[in-house]
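See below for the structure under consideration.
Heavy-atom basis, side chains included; hydrogens, waters and symmetry copies ignored.
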Amino acid sequence: MSPSKIRFSELVGEQTRAEIFATVLTAGPISRTQLAQRLGLVPSSVTRMLPPLLEHDYLREADDTAPQGRGRPQKMLHVNPDKHIVVGMKIGPAQVSGVVTDMAANVLARDEERIADCTPQTALSAAAALTSRLLSQAPEAADRVLGLGVGVSGHVDSAAGVCRYSALLDWDKVNVAGPLQEATGLPVVVNNDVNTLVVAERWFGEGRDVDSFAVVTVGPGIGCGLLLDGGLFSGATGLAGELGHVPLDPSGPMCSCGRRGCLEALAGDRAVLRHLQDAGFACATVGEAIELARSGPNAARNVALAAFAEAGAALGRGLAGVCNLLNLQKIIIAGEGAVAYDLFGPAMNQALEAHSFSTAAQDCHIHVDPVQHDLWARGAACLVIRDTVGATLT
């Protein structure tokens with residue numbers, strides 16, 4: 001096998017080498033000495049692991065040098081972004097969004113496609129078509145594309161490439177990777193869509209400075225992805241993080257999963273709209289409810305404010321459970337509904353404080369990041385890069 005045909009995964013079979021690549025990607029340009037310090041390795045170990053990545057042009061050492069204290073200057077390592085391109089995609093109930101990135105996860109192209117329904121056939125066909133359209137914008141894509149990463153909601157068995165169950169999409173045992181691989185000819189990595197955000201936040205966002213955090217998404221559903229001790233935590237079969245289906249009120253409203261009183265039924269978009277409708281102020285969308293809460297007539301505004309406060313209080317109780325169980329350093333509030341944080345945030349924080357044990361709430365910093373679809377899709381591309389190098393997120 002010629003050097004140009006050697007698979008990247010074969011070059012980084014050892015976990016330490018994979019961690020080196022991931023660290024250079026997220027912290028580079030970086031010297032060998034700094035790299036060893038970040039990974040807790042002796043410099044000789046880094047020197048021993050680097051040659052295959054340098055020889056096959058996945059990492060490069062820049063001509064620029066940087067002084068390292070009193071010692072001689074050292075060359076700086078960085079990822080060769082042009083070695084491959086990657087496609088990342090998020091499949092939602094109303095649209096499929098995608099990006100093409102380079103190996104440094106810089107977005108080179110973006111596009112999206114509205115879908116009439118979210119049946120597996122419609123959504124996967126749209127994803128395949130979108131992949132082809134995105135790759136048509138990348139030069140020499142056929143020789144450079146590394147793979148396709150896909151994020152979908154619900155219980156995703158990443159090893160099997162199957163969405164076991166998604167209440168939001170109404171999917172049950174849907175093979176995602178197989179049909180997409182057949183349609184695109186690419187290796188396909190599938191994961192829960194909130195996990196794609198965890199990877200993106202860890203590499204490029206608010207999770208760079210902490211080793212244990214959660215991304216909690218608010219909107220039509222309540223999602224949760226976890227990074228624990230520096231690694232993405234998915235559970236035994238990919239089910240970890242289903243915060244939206246934690247039962248909070250056995251006599252509460254019906255949830256999309258068919259059970260009563262789930263957090264999602266109490267704090268998701270439908271909970272806000274139901275509160276307004278019950279009070280005689282029906283809104284077609286949460287956007288209308290937000291507008292009503294901020295600038296509507298007094299009576300309607302007060303009801304809308306109460307609806308968001310009620311949802312926020314339920315969310316805060318759910319977050320208290322997460323903090324009590326995991327003692328996280330940070331929770332990142334994201335998703336479409338994060339734009340209404342000014343409306344639900346005060347009640348959420350009050351409930352979080354009231355129901356957290358000991359210092360669990362004080363130990364956990366809340367950060368709001370109303371991310372756009374690009375970050376979801378970019379995170380899915382990062383999953384391809386991460387899984388290819390076999391790296392733990394350190």
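There is no path of hydrophobic side-chain contacts, each under 4.5 Å, that joins Ile332 to Val322. Transitive grouping of hydrophobic side chains (ILVMFWY, heavy atoms separated by less than 4.5 Å) keeps Leu226 and Val215 in distinct clusters. When hydrophobic clusters are built by joining Ile, Leu, Val, Met, Phe, Trp and Tyr residues whose side-chain heavy atoms come closer than 4.5 Å, directly or via intermediates, Val152 is not grouped with Val218. Taken together through direct or relayed side-chain contacts under 4.5 Å among Ile, Leu, Val, Met, Phe, Trp and Tyr, Val190 and Tyr165 form parts of separate hydrophobic clusters. Under a hydrophobic-cluster definition in which Ile, Leu, Val, Met, Phe, Trp and Tyr are linked whenever side-chain heavy atoms come within less than 4.5 Å, directly or via other members, Val176 and Leu186 are assigned to the same cluster.
No donor-acceptor pair closer than 3.5 Å links the side chain of Gln181 to the backbone N or O of Gly178. Side-chain N or O atoms of Asn80 include none that pairs as donor or acceptor with a backbone N or O of Tyr58 at under 3.5 Å. A donor-acceptor contact shorter than 3.5 Å is absent between the side chain of Glu288 and the backbone of Cys283. Formation of a donor-acceptor pair under 3.5 Å by the Ser358 side chain with backbone atoms of Ala360 is not found in this model. No donor-acceptor distance shorter than 3.5 angstrom exists from the side chain of Trp376 to the backbone of Gly88, with no hydrogens or angles considered. Judged by distance alone, with hydrogens and angles left aside, the side-chain atoms of Arg133 form no donor-acceptor pair with the main-chain N or O of Asp111 at under 3.5 Å. Checking side-chain atoms of His84 against main-chain N and O of Arg144 turns up a donor-acceptor pair under 3.5 Å. Between the side chain of Asn191 and the backbone N or O of Asn195 there is no donor-acceptor pair closer than 3.5 Å. Between the side chain of Arg301 and the backbone N or O of Leu292, no donor-acceptor pair lies under 3.5 Å. Checked by atom type and distance alone, the side chain of Asp369 never pairs as donor or acceptor with a backbone atom of Gly335 at under 3.5 Å.
For the pair Lys330 and Phe213, the NZ or CZ position fails the cation-pi test of under 6.0 Å to the six-membered ring centre and within 45 degrees of the ring normal.
For Glu182, the CD atom counts as loosely surrounded, since its 6.0 Å shell holds 12 or fewer non-hydrogen atoms of other residues, nucleotides or ligands. No more than 12 heavy atoms of other residues, nucleotides or ligands lie within 6.0 Å of CG in Asn298, so this atom counts as exposed by the packing criterion. Counting heavy atoms of neighbouring residues, nucleotides and ligands inside a 6.0 Å radius, atom CG of Asn175 exceeds 12 of them. Other residues, nucleotides and ligands contribute more than 12 heavy atoms inside 6.0 Å of the CZ atom of Arg274. Summarising the local packing, CD of Gln277 is surrounded by 12 or fewer heavy atoms from other residues, nucleotides or ligands at distances under 6.0 Å. Heavy atoms of other residues, nucleotides or ligands lying less than 6.0 angstrom from CD of Gln350 number 12 at most.
The shortest heavy-atom contact between Leu25 and Ala104 is CD1-CA, 3.4 Å. Annotation for Gly318 and Leu248: closest pair N-CD1, 4.4 Å, computed over non-hydrogen atoms. Taking every heavy atom of both residues into account, Cys257 and His245 meet most closely at SG-ND1, 3.5 Å. Contact between Cys224 and Val216 at its shortest, heavy atoms only, is SG-CG2, 4.2 Å. In terms of heavy-atom proximity, Ala284 sits nearest to Leu273 at O-CD1, 4.3 Å. The minimum heavy-atom distance between Ser256 and Arg270, with the atom names listed, is CB-NH2, 3.2 Å.
With a 4.5 Å cut-off on side-chain heavy atoms, Arg294 and Asp342 count as touching. Residues Val100 and Gln137 are not in side-chain contact: their nearest non-hydrogen atoms beyond the backbone lie 4.5 Å or more apart. Proximity of Arg32 to Glu61: side-chain heavy atoms (C-beta onward) are separated by under 4.5 Å at one or more points. Using a 4.5 Å cut-off on side-chain heavy atoms (C-beta onward), Val99 and Val87 make no contact. Side-chain contact between Val162 and Val174 is absent, with no heavy-atom pair separated by less than 4.5 Å. Side-chain contact between Val210 and His365 is absent, with no heavy atoms from C-beta onward closer than 4.5 Å. Counting heavy atoms from C-beta on, the side chains of Phe204 and Val199 never come closer than 4.5 Å. Counting heavy atoms from C-beta outward, Gln95 and Lys90 have side chains that stay 4.5 Å or more apart.
A distance of 8.0 Å separates CG of Asp249 from CZ of Arg317, quoted to the nearest 0.5 Å. Between the CG atom in Asp193 and the CG atom in Leu168 there is a gap of 8.0 Å [rounded to 0.5 Å]. Rounding to the nearest 0.5 Å places OG of Ser234 at 9.5 Å from NE2 of His155. Distance OG1/Thr23 to CD/Gln37: 12.5 Å, rounded to 0.5 Å. Note: Thr237 OG1 to Arg164 CZ = 7.5 Å, rounded to the nearest 0.5 Å. Expressed to the nearest 0.5 Å, how far CG of Leu352 lies from CD1 of Ile331 amounts to 6.5 Å.
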Discussion item. Using the rule given for side-chain contact (heavy atoms from CB on, under 4.5 Å), can you reason through Phe308 versus Ile290, listing the C-alpha separation, both sets of side-chain angles and the distance that settles it, and then say yes or no?
Written reply: CA-CA 9 Å; Phe308 281 104; Ile290 292 173; 3.6 Å; yes

Practice prompt. Please assess Met89 against Val96 for the test side-chain contact (heavy atoms from CB on, under 4.5 Å), listing each intermediate value before the final yes or no.
Written response: CA-CA 7 Å; Met89 200 156 292; Val96 178; 3.5 Å; yes

Worksheet item: side-chain contact (heavy atoms from CB on, under 4.5 Å) between Ile222 and Thr217: does it pass, once the steps are laid out?
Response: CA-CA 6 Å; Ile222 305 293; Thr217 56; over 6 Å; no

Fill in: side-chain contact (heavy atoms from CB on, under 4.5 Å) between His78 and Leu59, worked out
CA-CA 6 Å; His78 64 95; Leu59 295 183; over 6 Å; no

Practice prompt. Decide yes or no on salt bridge (Lys or Arg N to Asp or Glu O under 4.0 Å) for Asp57 and Lys83, but give the supporting numbers first.
Written response: CA-CA 7 Å; Asp57 204 25; Lys83 181 67 176 179; 5.4 Å; no

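Of the options Leu134, Thr101, Leu135, a side chain to side chain contact (heavy atoms under 4.5 Å, CB included) to Ile85 is made by Leu135 and by none of the others. Looking at Thr47, Val24, Leu41 one by one, the single match for side chain to side chain contact (heavy atoms under 4.5 Å, CB included) with Leu35 turns out to be Val24.
A side-chain N or O of Ser153 and one of Ser166 form a donor-acceptor pair less than 3.5 Å apart. Between the side chains of Asp117 and Thr122, at least one donor N or O lies within less than 3.5 Å of an accepting N or O.
Salt bridge annotation for Glu201-Arg208: absent, with no cationic side-chain nitrogen under 4.0 angstrom from a carboxylate oxygen. A salt bridge between Asp211 and Arg202 is present, with a side-chain N of the basic residue lying under 4.0 Å from a carboxylate O of the acidic one.
Tyr341 and Phe344 have perpendicular rings, their planes meeting at more than 60° on a 0 to 90° scale where under 30° would count as parallel.
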